[in-house]
Amino acid sequence: MWESLLSNLELIGVLIAMLAGTNAANILFGMYGNIELKNEAFDWKKLLHGLKKFGAVAVGTACLVVVFALLPGVLELWKVDIDTEVIEGISAAVIVLIYVTAIASCGADAALKLKDILKIGKAGE
C-alpha cells in the first residue's frame, strides 16, 4: 500500500509541476491582457486570487490522489477479491485524469488569453 503511494507521489510531483506551469502561463497571459490590451491597472488582488486558486487546486487534487493511491491497499485489507494490479491501474488512471482535467482546464483558459494577445488584423493596428 505504501509503495503504491510513494510511486504515485513521483507522478504527482511531475503533474503538479505541469499544473504550475500551465497556471503560471494563464496568470501571465491574463496580466498582460488586462494591463496592455485592456489598459487596466495592475491588480494585486487578481494576482493573489490566481495564486490562491492554484494552491487550492494543487492541494485538493493531491488529497484526491492520496485517497486513490491508498485505495488498493484498503481494498486488500477488507479482503475484497479484485486483482491488485487492476485496482492499482484504475487508481493510477484516476490520478492522471484528475490532473489532466485540471491542466486541460487551465490550459484552455490560457490558450484563450493567448489568442486574444496574438490577435492579428484588428482595426487600427
Same cluster (ILVMFWY, side-chain, under 4.5 Å), Ile98 and Val14 = yes
Give a yes or no on whether Met31 and Phe29 share a hydrophobic cluster (residues Ile, Leu, Val, Met, Phe, Trp, Tyr; joining criterion: side-chain heavy atoms under 4.5 Å apart).
-> no
Does Val59 belong to the same Ile/Leu/Val/Met/Phe/Trp/Tyr cluster as Leu48, with side-chain heavy atoms less than 4.5 Å apart forming each link?
-> no
How long is the gap from CD1 on Ile12 to CG on Leu19, to the nearest 0.5 Å?
-> 12.5 Å
Rounded to the nearest 0.5 Å, the CG atom of Asp116 sits from the CG atom of Asn34 at a distance of 10.5 Å
Please walk me through it: do Leu51 and Ile27 pass side chain to side chain contact (heavy atoms under 4.5 Å, CB included)?
-> CA-CA 8 Å; Leu51 295 174; Ile27 289 172; 4.0 Å; yes
Determine the sole option in Leu118, Asn26, Leu28 for which the side chain to side chain contact (heavy atoms under 4.5 Å, CB included) test with Lys113 is passed.
-> Asn26
Any sub-3.5 Å donor-acceptor pair from Thr101's side-chain atoms to Leu97's backbone N or O?
-> yes
Just do the side chain to side chain contact (heavy atoms under 4.5 Å, CB included) check on Glu40 and Lys46 with the steps written out, would you?
-> CA-CA 12 Å; Glu40 294 179 5; Lys46 285 184 180 181; 3.0 Å; yes
Give a yes or no on whether Val100 and Phe54 share a hydrophobic cluster (residues Ile, Leu, Val, Met, Phe, Trp, Tyr; joining criterion: side-chain heavy atoms under 4.5 Å apart).
-> yes
How far does CZ of Phe42 sit from CG of Leu47, to the nearest 0.5 angstrom?
-> 4.5 Å
Same apolar cluster (I L V M F W Y, side chains within < 4.5 Å links), Tyr32/Trp44 | no
Closest heavy-atom pair and its distance - Ala25, Ala110 | C-CB, 4.3 Å
To the nearest 0.5 Å, tell me how far Ile103 CD1 sits from Ile16 CD1.
-> 9.5 Å
Can you measure from SG (Cys106) to CE (Met18) and round to the nearest 0.5 angstrom?
-> 12.0 Å
